[in-house]
Protein chains: 2
Amino acid sequence: MAFPQRVKMSDVARTAGVSVATVSKVVNGRYGVAQATVERVQQVIRQLGYEASLGAQSLRSHRTNVLGILVAEFEPFSTELLKGASVEVAGTGYQLLAYSGGDGAGTAVGWERRSLARLSGTLIDGAVIVTPTVVETKQGFHVVAVDPHTGPSGLPTVDSDNFAGAVLATNYLLSLGHRRIGHISGRADLESSRLREAGFRQAMADAGVTVDERLVRVGGFRVDSAAEPAAELLSLPDRPTAVFAGNDLSAISTINVARSMGLSVPDDISVIGFDNIPESALVNPPLTTIMQPLQRMGAEALRLLIDLIAGVERDTHIRLPTELVVRSSCRPHDPAGT
Amino acid sequence: MAFPQRVKMSDVARTAGVSVATVSKVVNGRYGVAQATVERVQQVIRQLGYEASLGAQSLRSHRTNVLGILVAEFEPFSTELLKGASVEVAGTGYQLLAYSGGDGAGTAVGWERRSLARLSGTLIDGAVIVTPTVVETKQGFHVVAVDPHTGPSGLPTVDSDNFAGAVLATNYLLSLGHRRIGHISGRADLESSRLREAGFRQAMADAGVTVDERLVRVGGFRVDSAAEPAAELLSLPDRPTAVFAGNDLSAISTINVARSMGLSVPDDISVIGFDNIPESALVNPPLTTIMQPLQRMGAEALRLLIDLIAGVERDTHIRLPTELVVRSSCRPHDPAGT
DNA sequence: GTGAAAGCGCTAACAA
DNA sequence: TTGTTAGCGCTTTCAC
């Protein structure tokens with residue numbers, strides 16, 4: 001077993017004694033080929049293990065039955081979506097192609113435009129874009145955004161109720177007696193980040209608690225980018241007694257920073273996250289957080305995309321509910337400091 | 001913002017007043033283009049937001065700087081590898097393309113051959129294949145297998161020490177006083193599955209405990225496929241007091257089945273898994289398991305692939321250590337049954 | 001320094 | 001029913 005160079009359609013044609021056009025017809029199940037020929041060609045295809053090149057095929061036909069999921073990188077958030085999309089795609093006849101077009105540092109604005117430009121029109125019939133940095137609409141190519149960018153956009157979207165989730169998180173901390181609550185926000189360009197901060201402020205206002213602006217910092221939704229703002233927050237002379245982190249990664253980063261500063265979570269400071277990625281249960285202490293149904297979001301996005309391609313009339317904005325998940329990273333505030 | 005059809009190289013050429021050949025040279029940084037022309041073309045490229053089509057480009061050039069990760073589906077095991085590969089790829093100049101070529105039911109033998117045939121030669125410069133079902137070698141195309149198929153294969157591989165891990169798991173159960181230990185094995189065609197069962201048998205033999213063959217069943221490494229064998233095991237009149245599941249998914253399935261039968265884990269039966277996927281910490285009770293460094297395996301596989309492409313001389317078989325992770329799904333065996 | 005032309009592997013008219 | 005032809009968007013000689 002060392003032979004198989006790449007076998008192409010012309011190889012099949014030659015072996016079967018027909019033209020490539022005929023092979024193409026057989027491969028694509030077109031009418032107008034003698035039954036005997038069909039069988040002979042199929043026989044050769046099996047024997048040679050021929051499989052059409054996705055690149056060449058899509059270049060020509062503009063239909064591939066492959067759906068793209070475009071992400072900046074494969075981190076816990078996007079891989080959860082991927083899991084959901086993966087089970088949803090089963091039995092649809094589509095294949096899934098996940099493309100990571102970022103630079104790995106999470107800083108490349110516009111990665112989704114580049115990825116989309118490289119893959120759309122050829123290779124994929126439609127795409128789900130995860131947390132895009134810019135808004136753009138292409139003609140004749142279907143795109144669904146998960147956790148979309150801020151700003152008006154005609155794009156079909158899937159997200160969760162970020163505002164309500166943030167209110168949930170903040171109210172939980174308030175109910176525990178915290179008043180000096182910090183917030184590490186996410187990527188300023190994302191609607192979700194904006195809404196979480198807005199929910200935080202709303203809940204604080206509703207409770208009659210003034211937000212200390214020094215306790216609100218931009219964390220960027222990543223472990224590395226959140227470390228510095230977290231450190232600043234915790235170094236304040238009158239540091240917060242609780243932190244609502246914009247997502248679980250920021251929360252985990254905050255816990256790491258706290259530990260490195262000799263602070264105990266939740267004894268010295270309570271931390272709550274957002275997302276409920278699987279990793280949040282693995283940190284020490286296990287993270288209290290707001291759950292977004294990530295896998296379901298991935299599944300809904302994929303279903304929406306398939307429906308759009310099929311021309312199904314339907315609602316193109318899906319918003320799923322969030323939920324408080326209590327673990328061990330928060331405790332009641334003790335004014336006495338005992 | 002509704003304009004951009006797909007902009008192609010000919011659009012750039014026309015706008016810049018040059019030929020597509022010249023644009024191509026500029027895009028690929030070839031020598032022999034006047035500095036002024038280079039700048040003008042680059043200006044137009046930026047202005048139009050041009051990006052080369054992966055499909056067309058790869059069809060012609062057979063070099064794409066895209067590496068493939070081929071999986072049957074996006075489940076916790078493969079997505080962990082993906083996370084590891086994603087951080088490893090940063091800064092290498094490669095992009096990652098993950099392709100799910102299975103049928104979603106996990107039953108399609110040969111998916112990796114099909115996926116490979118569709119993507120290799122065009123689109124990707126090399127591939128990491130996750131738990132392939134068959135062995136095959138292509139010429140002039142680099143492939144690394146993670147958790148490879150049983151049987152001799154020239155393929156470069158990355159795996160963990162499955163045998164030692166299984167011994168670890170079994171010895172742990174033995175040390176807890178269990179003697180009637182069941183095993184739900186994995187996919188018969190995978191080397192990892194074979195080695196885990198072998199390690200189980202070895203550890204039992206070393207402890208002088210006879211394996212009851214009725215307590216060894218094939219589980220297939222998936223939640224759904226493991227449910228029936230688990231149910232059979234737990235329905236036995238003299239059911240095992242502990243089960244070593246071939247992987248975490250089977251273990252989780254076993255816990256589900258136990259609960260549905262009214263059995264308590266770990267009070268009525270202890271369960272240990274293998275893999276340490278993040279989900280294992282989320283089940284109730286949190287799963288005791290054998291950790292494979294999945295993200296690191298993904299990273300090592302990607303590094304190995306890149307080295308192979310670059311022609312670096314190096315070891316092409318990487319085996320990483322496993323480790324016992326104690327959580328709450330096992331407890332000492334109580335002969336009295338109190 | 002630049003462009004015309006051939007061709008990557010495939011599909012789709014159209015002709016035979 | 002089958003093969004011939006053109007061309008998808010791009011790269012690469014090779015003339016000019």
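In what follows, chains are A, B, ... by sequence order, proteins preceding strands, each numbered from 1. What's counted below: heavy atoms across the whole structure, side chains too, no hydrogens, waters or symmetry copies.
Listed pair S19(A) / dG3(D) meets the phosphate criterion, a side-chain N or O lying under 4.0 Å from OP1 or OP2. Note on S24(B): a side-chain N or O is less than 4.0 Å away from OP1 or OP2 of dT11(D). For the pair R30(B) and dT11(D), the criterion of a side-chain N or O lying under 4.0 Å from OP1 or OP2 is not met.
Ionic pairing of D11(B) and R14(B) is present here: one or more N-O contacts between side-chain nitrogen and carboxylate oxygen are shorter than 4.0 angstrom. Between E80(B) and K83(B) there is a salt bridge, since at least one side-chain N of the basic residue sits less than 4.0 Å from a carboxylate O of the acidic one.
With hydrogens and angles disregarded, no donor-acceptor distance shorter than 3.5 Å links the side chain of T316(A) to the backbone of P156(A). Under the 3.5 Å distance criterion, the side-chain polar atoms of R63(B) are left unmatched by any main-chain donor or acceptor of S61(B).
S58(B) comes within 4.0 angstrom of no nucleic acid atom, judged by non-hydrogen atoms across all strands. At a threshold of 4.0 angstrom between heavy atoms, the contacts of V18(A) are confined to the sugar-phosphate backbone, with no base atom among them. Within 4.0 Å of Y50(B), counting heavy atoms only, lie sugar-phosphate atoms of the nucleic acid but no base atom. Note on S53(B): only backbone sugar-phosphate atoms sit closer than 4.0 angstrom, heavy atoms only; bases stay farther off.
The side chain of Q57(B) sits closest to dC10(D) out of dC10(D), dC10(C), dT1(D). Comparing atom distances between the A52(A) side chain and each of dC10(C), dG3(D), dT12(D) picks out dC10(C) as nearest. Side-chain atoms of T22(A) lie closest to dG3(D) of the nucleotides dG3(D), dG9(C), dG1(C).
Note: CE (M9(B)) to P (dC8(D)) measures 15 Å, nearest angstrom. Rounded to an integer number of Å, the gap from NE2 of H62(A) to C1' of dG7(D) is 11 Å. Taking atom CD1 of I45(B) as the reference point, atom P of dC10(D) lies 10 Å away to the nearest angstrom. The CZ-P distance, from R118(A) to dG9(D), rounds to 16 Å in whole Å. The CG atom of D11(A) sits 14 Å away from the C1' atom of dC8(C) (whole-angstrom rounding). The separation between L54(B) atom CG and dC8(C) atom C1' is 15 Å, rounded to whole Å. Atom-to-atom, CG of L59(A) to C1' of dC10(D) comes out at 8 Å; the value is rounded to the nearest Å. When rounded to the nearest whole Å, the span between CG of L123(B) and P of dC8(D) equals 19 Å.
The residue among A34(B) and A21(A) whose nearest nucleotide of DNA chain C is located toward the 5' end is A34(B). Where Q35(A) and V20(A) meet DNA chain D, the nucleotide closest to each residue was compared, and Q35(A) sits on the side nearer the 5' end.
Under 3.5 Å, the side chain of K25(A) and the base of dG3(D) form at least one donor-acceptor pair of N or O atoms. Judged by distance alone, with hydrogens and angles left aside, R60(A) brings no side-chain donor or acceptor close enough to the base of dG9(C) to form a pair under 3.5 Å.
Under the 3.5 Å distance criterion, with hydrogens and angles disregarded, no donor-acceptor pair is assigned to the side chains of Q43(B) and E39(B). For the residue pair S115(A)/E112(A), the side-chain donor-acceptor check at 3.5 Å is not satisfied.
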